[in-house]
Amino acid sequence: MLRMSTLFLRTLRDDPADAEVPSHKLLVRAGYVRRIAAGIYSWLPLGVITLRNVERIIREEMDKAGFQEVHFPALLPREAYEATKRWEEYGPSLFRLQDRKGGDYLLGPTHEEMFTLMVKGEYSSYKDLPLTIYQIQTKFRDEARPRSGIIRGREFVMKDSYSFDLTDEGLDISYQKHRDAYISTFDRLHLKYNIVKAVSGAMGGSKSEEFLAPCPTGEDTYVLCPKCGFAANVEAVVTKVTPADASKVPAMEELDTPNTPTIDSLVAILNEKFGGGFTGAATLKNVMLMADNKAISVLVPGDREVDLKRLQAGLAGVEELHTFEEDDFAKFPTLVKGYIGPQDAAKSGITVYADPRVAPGTSWVTGANKLNRHARYVVNGRDFTPDAYIEAAEIREGDACPDCATAVVIDRAIEIGHIFQLGRKYADALGLTVLDQNGKSQVVTMGSYGIGVSRAVAAIAEQSYDQIGLSWPLEVAPAKVHIVATGKEDLPFDTAAEIGAKLEAAGISVMLDDRRDPSAGVKFKDAELIGIPVIIVVGKSLADGNIELRNRKSGEKSEVAVDKAVAAVAALIASLS
RNA sequence: CGGGGCGUAGCGUAGUGGCUAGCGCGCCUGCUUUGGGAGCAGGAGACCGGGAGUUCGAAUCUCCCCGCCCCGACCA
């Protein structure tokens, strides 16, 4: 039983000045965590219990699925990360350090190498597969910008699993098993989430899905089709190409368009010249970018911005991507800023990518590559030809669903889980092979699966808090029942302690507010802030032989006889789980 | 890394060159109070982020550094 008279806890009346998002404010105010440095947090007793509850649920679901827990050090030697070149490739996000002899070490940002090497060290036959192992570990990543409290930290707890199979079919099965285990895990955590198509990112690999918990403070944007259920991270949305018939479009024609370096100014002058009807969507925006110091040109409809994340996802191997700055334009004096068109891109030697919305046969108004001149009836396939098509334009609410063309919904979310098929990349690099039935050496194929454990605590807080504080799901809360004793006599305190003891005897965890000094109001506020799902008040109604039972989330209150308290709590708890 | 904001007691803050740095919460002592963040009285707690400078005098002005937050870039 947690007793507040001695619990190492101090709640705060004011929001911390350095917190912005609700989970961060409330976890600090309610005394769960404290900030130590940017993206680095300490956990106080209530926080530790909550974090352990989340870990326990995850562990139980992993074990139930037949996955086995292992544990690696966080402090790792450089060598393991050399074979996969990640000592270099991970870049500044890797925490590096040296031992007293000058040997290089790192704090593990992720453990693919270690898992692969561990299996390599133990197993060498196809008969040993399939295998899925996992760990719950503290990870370290020197993020350029930690943010949102414990949603994105530099040190965080993660559950990471890896599956090992001989065949692609086996990988599919392992992947599906993990997907199912994640569904039961997140359901038990009472998280609302969507499973969306994702891009594999720097990890490589093919199939990949993310578990996204919808939340206004989330960092990921995803689309959802209300009709067919299509769901994808915007980075993974594939736009349909619908070629147009350009046979009746008049020949390309240059126009005088003085002082129209922006889409808006261009649209205004077009409407003036041709009596209205033009919008940004009729124009073609020719965005210049530097991709690893190589100039590229990207064509998108004028009413859309280039989404750099989506673009980069499609540019394999490109590490650094930014739109042209003044000194980039200086290197290409033939480009007339504000009046660039794709018509003679071939001459300049710049690779032209087109968003699928700029489909073959579509006709556009675009720059004429001369100051104060644009051109209309510029047709893709006739007047210019892109070198390649690539997803580049931003995705918007109402865009057509790639599967069924219904208008999609856009939402923000926190990424709480990511599952993907790694394939043979790591096994190849690290030489993880087994002998097959024919005694032939085969490279193992792997899957990789992660849940942000500390992040899940924040995500649950984000999805369940209200005006007065946190409000945890039953299994996650630091205790199931919060008993508040009020008054100045001993009786309510003794009664509260007795009820607490009986509840604990019945297997129901209890936090008892047995502090004598604070007024009843202070204790009520604290109980609401801390967010334990069931609150019992032992005080005034004791005169009638009753205690008061409250549902933290719904706010419902009822009076219950003291000797019926345990049964009433058990019933309320049953209704909550 | 680019842009913006900020750094004064455990927390939230006031203080734009001039007395011993002020207030609220929290903390300690005493009395009263005790069902919605109590009242009175008395206390403890601050090298004003750090360094250098300007000045008779610096929390306050200048320069450099450090740290924190937000937007973006970045981020299995």
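In what follows, chains are A, B, ... by sequence order, proteins preceding strands, each numbered from 1. Predicted model only: the values in this text are computed from it and were never measured.
- The nucleotide B/C6 finds its pairing partner in B/G67, both defining distances of the Watson-Crick or G-U wobble pair being shorter than 3.5 Å.
- Comparing B/G12 with B/C68, their C1' atoms are spaced 16 Å from each other, to the whole Å.
- Separation of the C1' atoms belonging to B/A73 and B/A52 is 34 Å when rounded to the nearest angstrom.
- Heavy-atom neighbours of A/Tyr465 OH from other residues, nucleotides or ligands within 6.0 Å: at or below the threshold of 12.
- Defined by atom type and a distance below 3.5 Å, a donor-acceptor pair is present between the side-chain atoms of A/Glu112 and A/Thr110.
- Ion pairing between a basic and an acidic side chain is recognised when a charged N comes within 4.0 Å of a carboxylate O; A/Asp307 and A/Lys309 show no such pairing.
- A/Gly450 comes within contact range of at least one nucleobase, with a heavy-atom separation under 4.0 Å.
- Side chain to side chain, A/Asp466 and A/Ser471 fail the donor-acceptor criterion of an N or O pair below 3.5 Å.
- Within the 4.0 angstrom heavy-atom criterion, base atoms lie near A/Glu548.
- Within 4.0 Å (heavy atoms only), A/Val484 reaches no atom of the nucleic acid at all.
- As the counterpart of B/A38, B/U32 is assigned, both hydrogen-bonding distances of the Watson-Crick or G-U wobble pattern falling under 3.5 Å.
- Residue A/Thr486 has no polar side-chain atom (N or O) positioned under 4.0 Å from OP1 or OP2 of B/U34.
- A gap of 16 Å separates the P atoms of B/U55 and B/U60, to the nearest Å.
- Between A/Lys139 and A/Pro109 the shortest side-chain heavy-atom distance does not fall below 4.5 Å.
- Across all strands shown, A/Arg455 has no heavy atoms under 4.0 Å from either base or sugar-phosphate atoms.
- At the heavy-atom level, A/Arg147 lies under 4.0 Å from base atoms of the strands shown.
- Figure legend. B/C47 is base-paired to no nucleotide; pairs are counted as Watson-Crick or G-U wobble with both atom distances under 3.5 Å.
- The base of B/G26 lies outside donor-acceptor range of the side chain of A/Arg29, with no N or O pair under 3.5 Å.
- Each of A/Ser93 and A/Ala19 lies near RNA chain B, and the nucleotide nearest A/Ala19 is the one positioned closer to the 5' end.
- Pairing for B/C56 goes to B/G18, judged as Watson-Crick or G-U wobble with the two contacts each under 3.5 Å.
- The base of B/G37 sits within donor-acceptor range of the side chain of A/Asp526, with an N or O pair under 3.5 Å.
- Put simply, A/Gln312 has a side-chain N or O that comes within less than 4.0 Å of OP1 or OP2 on B/C74.
- No N or O donor and acceptor, one from the side chain of A/Glu528 and one from the base of B/G37, sit under 3.5 Å apart.
- Under 3.5 Å, the side chain of A/Arg86 and the base of B/A76 form no donor-acceptor pair of N or O atoms.
- The phosphate of B/G37 has neither OP1 nor OP2 within less than 4.0 Å of any side-chain N or O from A/Lys525.
- Residue contacts for A/Ser148: at a heavy-atom cut-off of 4.0 Å it reaches the sugar-phosphate backbone alone, with no base atom in range.
- Applying the Watson-Crick and G-U wobble criteria (two distances, each under 3.5 Å), B/G72 pairs with B/C1.
- As the counterpart of B/C23, B/G12 is assigned, both hydrogen-bonding distances of the Watson-Crick or G-U wobble pattern falling under 3.5 Å.
- A donor atom on one side chain and an acceptor atom on the other are found under 3.5 Å apart for A/Ser163 and A/Tyr449.
- On the P atoms, B/G7 is 15 Å away from B/C48, given to the nearest whole Å.
- Residue A/Arg13 places at least one side-chain N or O under 4.0 Å from the OP1 or OP2 atom of B/G26.
- Using a 4.0 Å heavy-atom criterion, one finds that A/Pro16 contacts the sugar-phosphate atoms exclusively.
- The nearest heavy atom of RNA chain B to A/Gly39 and to A/Pro518 marks one nucleotide each, and the one closer to the 5' end goes with A/Pro518.
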